[in-house]
Amino acid sequence: MNTRTLLAASAIALMATAAQAEKLTVWGLQAFNKDADALIGRMAQDFGKSRGVDVEYVVVPANVLTQRLAAAFEGHAAPDVYMQIGQSTPYYADRGLTKPVDDLLAEMRAVDGGIYESLALQSTYKGVAHSIPLEVDVVPMFARTDLLKAAGMELPKTWEELGAAAKAIVKANPQYTGLGLPVSTANDAESDILMLVWSFGGAMFAEDGSTVTWSSPETTAAYAYIEDLFKAGAIPRSALTWDDAGNNTAYQTGRAAFIMNPASVYSWMVQNDQTLLSNSAMIAIPKGPGPKGRSATMISSFAWMLSSETRQDALAKDWIRYFFQPDNYEKLIEVTGGRWVPIFPKLMQTMPLFKDNPAFASFDDLARNGLAIGFQGPPTPLASEIYNAKVVSTSVQHMLVDGYSPADAVAWATKEIEGIKARQAR
């Protein structure tokens with residue numbers, strides 16, 4: 001059965017279910033694309049009209065969503081359906097804040113070509129699906145080809161080459177950012193630093209997902225690399241306070257030579273700055289040094305979760321089915337301009353946005369082979385809690401602000417990781 005047929009059939013089933021409530025509350029994670037946020041809001045309103053219910057759709061910025069959800073659950077005022085980062089699924093499921101959605105995940109998998117199974121791993125807790133990924137976040141490196149050309153350098157394939165290029169560009173242009181690496185405690189900082197450490201050969205856990213392996217020569221070397229670029233001015237001091245839009249803004253205003261980011265930057269350039277687009281390239285994350293060095297990118301997603309507090313399970317699931325109706329879903333993916341990769345690999349082959357654009361040639365591979373928090377093990381509640389606690393980015397701040405050595409900063413992070421692990425085990 002193809003994508004359109006299966007999801008259309010789901011739509012028929014959706015309309016057959018009678019609504020039992022007057023209102024459905026849905027919280028969405030800010031998409032960094034106003035058109036996408038607005039389109040989902042209209043979809044929610046249209047769904048409500050089709051069902052004769054009031055649907056409230058609220059867009060929540062990423063930097064406050066976790067805190068707002070915590071407060072909402074504490075006050076027994078949680079939304080019926082909410083978005084969150086997919087890799088946080090084990091964290092929410094372990095705390096009893098979600099309801100199983102195996103039936104919905106089975107419907108997604110039954111579509112012709114299935115879904116990217118790397119996402120299903122993140123959606124599962126103790127063998128049961130507790131979230132439905134709604135897109136794929138793949139993270140390439142954005143590089144300024146004009147600045148590299150002026151410096152007499154090629155696109156970097158290794159972090160060593162990138163570091164040399166970043167320093168050379170900043171030396172020639174002191175007002176520029178060499179590497180737009182967030183070193184705050186924003187979500188992007190936690191993710192970007194993890195990717196850099198993974199590229200150097202470090203990992204937080206062994207394959208069992210429990211044994212802590214953060215303290216290693218490879219992790220320490222990655223911290224030392226960050227420290228070196230920061231002291232050289234290639235990573236600006238302002239990056240200590242960047243929010244999740246900080247690196248986007250630095251690149252989009254023409255002030256950064258390199259950033260790691262989903263393709264929201266690409267779609268922004270298509271719409272707003274063709275000159276910057278012509279002077280930019282999306283490339284693989286550089287390879288780290290030594291025998292364990294790799295080109296490591298993180299795969300994540302926004303995901304729908306059913307609140308454990310909802311009494312409207314059927315209506316909430318029908319909203320998710322409505323969201324994935326082909327006319328709705330493909331229009332949304334198109335609007336994001338590549339920022340959101342569809343969860344269905346088949347659409348990568350059929351949607352002109354992807355199949356006809358060489359800029360996205362590597363995205364299918366990134367979606368299939370990206371790493372998730374918990375690496376080298378699977379996503380776990382422990383890995384999610386550590387990610388949400390911003391242990392890694394806080395340890396880097398200790399190094400850059402408080403004078404910790406790279407080894408001491410790694411040791412501090414390792415102690416925090418072990419402490420969270422011990423508390424979970426009680």
Side-chain angles (χ1 to χ4, degrees), residues 32-33 62-63 137-196 199 222 225-286 295-298 337-339 359 393 396-397 400:
F32 294 104
N33 182 307
N63 61 333
D137 275 350
V138 298
V139 184
M141 172 76 71
F142 286 83
R144 284 284 297 275
T145 54
D146 56 334
L147 297 179
L148 283 164
K149 183 178 180 180
M153 295 180 165
E154 303 291 332
L155 287 168
K157 295 181 179 178
T158 68
W159 280 104
E160 181 181 13
E161 292 173 356
L162 185 143
K167 290 177 181 178
I169 289 168
V170 169
K171 184 177 181 180
N173 309 274
Q175 75 277 20
Y176 281 26
T177 292
L179 174 61
L181 179 75
V183 284
S184 57
T185 54
N187 287 329
D188 276 9
E190 197 75 7
S191 299
D192 284 11
I193 295 167
L194 277 172
M195 287 190 290
L196 196 153
S199 295
Y225 179 88
I226 295 170
E227 180 187 50
D228 175 63
L229 290 189
F230 186 80
K231 287 182 175 179
I235 298 173
R237 291 197 65 84
S238 61
L240 290 166
T241 57
W242 280 356
D243 61 14
D244 285 324
N247 57 344
N248 301 55
T249 300
Y251 198 88
Q252 290 167 191
T253 55
R255 296 182 290 109
F258 303 100
I259 65 167
M260 293 180 283
N261 204 78
S264 55
V265 172
Y266 174 85
S267 59
W268 183 92
M269 290 189 293
V270 169
Q271 296 175 8
N272 298 284
D273 196 332
Q274 288 290 319
T275 301
L276 182 60
L277 179 64
S278 67
N279 289 321
S280 298
M282 284 193 293
I283 62 175
I285 303 298
S295 172
T297 188
M298 177 178 286
R339 165 63 178 86
S393 52
V396 168
Q397 286 222 327
L400 301 181

Could you grab the distance from atom [atom1] of [X] to atom [atom2] of [Y], nearest 0.5 Å is fine?
| X | Y | atom1 | atom2 | value |
| --- | --- | --- | --- | --- |
| S191 | M298 | OG | CE | 4.5 Å |
| D192 | L181 | CG | CG | 5.5 Å |
| N247 | F258 | CG | CZ | 14.5 Å |
| I259 | T177 | CD1 | OG1 | 10.5 Å |
| N187 | D243 | CG | CG | 10.5 Å |
| L400 | F230 | CG | CZ | 5.0 Å |

On a heavy-atom basis, which atom in [X] and which in [Y] lie closest, and how many Å separate them?
| X | Y | answer |
| --- | --- | --- |
| P286 | S199 | O-OG, 3.7 Å |
| I283 | A143 | CD1-CB, 4.2 Å |
| P262 | P140 | CA-CD, 4.3 Å |
| A165 | M153 | CA-SD, 3.3 Å |
| A257 | G178 | CB-O, 3.4 Å |
| L148 | P156 | CD1-CD, 4.1 Å |

Are T241 and S184 close enough, and set up right, to give a side chain to side chain contact (heavy atoms under 4.5 Å, CB included), and what steps lead you there?
-> CA-CA 5 Å; T241 57; S184 57; 5.6 Å; no
Do [X] and [Y] have side chains that get closer than 4.5 Å, going by heavy atoms?
| X | Y | result |
| --- | --- | --- |
| F142 | L276 | no |
| N248 | W268 | no |
| T297 | M141 | no |
| M260 | M195 | yes |

Does any pair with a residue in residues 270-286 pass side chain to side chain donor-acceptor pair (under 3.5 Å), and if so which ones, sequence neighbours excluded?
->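 Listed once each, the pairs are Y251-S280.
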Is [X] reaching over with its side chain to a backbone N or O of [Y], donor-acceptor style, under 3.5 angstrom?
| X | Y | result |
| --- | --- | --- |
| Q397 | L240 | yes |
| Y225 | L196 | no |
| T185 | S393 | no |

Begin from the C-alpha positions of V183 and W242 and carry the test side chain to side chain contact (heavy atoms under 4.5 Å, CB included) through to its verdict.
-> CA-CA 7 Å; V183 284; W242 280 356; over 6 Å; no
Determine which pairs satisfy salt bridge (Lys or Arg N to Asp or Glu O under 4.0 Å) with at least one residue from residues 139-157, sequence neighbours left out, and list them in order.
->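 Those involving residues 139-157 are R144-D146.
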For atom CD of E161, decide whether the heavy atoms of other residues, nucleotides or ligands shown that lie under 6.0 angstrom number more than 12.
->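 Yes, because the 6.0 Å sphere around CD of E161 holds more than 12 heavy atoms from other groups.
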Go through the steps for D137 and R339 under the test side chain to side chain contact (heavy atoms under 4.5 Å, CB included), then give the verdict.
-> CA-CA 7 Å; D137 275 350; R339 165 63 178 86; 2.5 Å; yes
Please list, chain by chain and in numerical order, all residues satisfying ring-ring contact (aromatic ring centres under 6.0 Å, His included) with Y266, sequence neighbours excluded.
->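 Checked Y266 against ring-ring contact (aromatic ring centres under 6.0 Å, His included); matches are F360.
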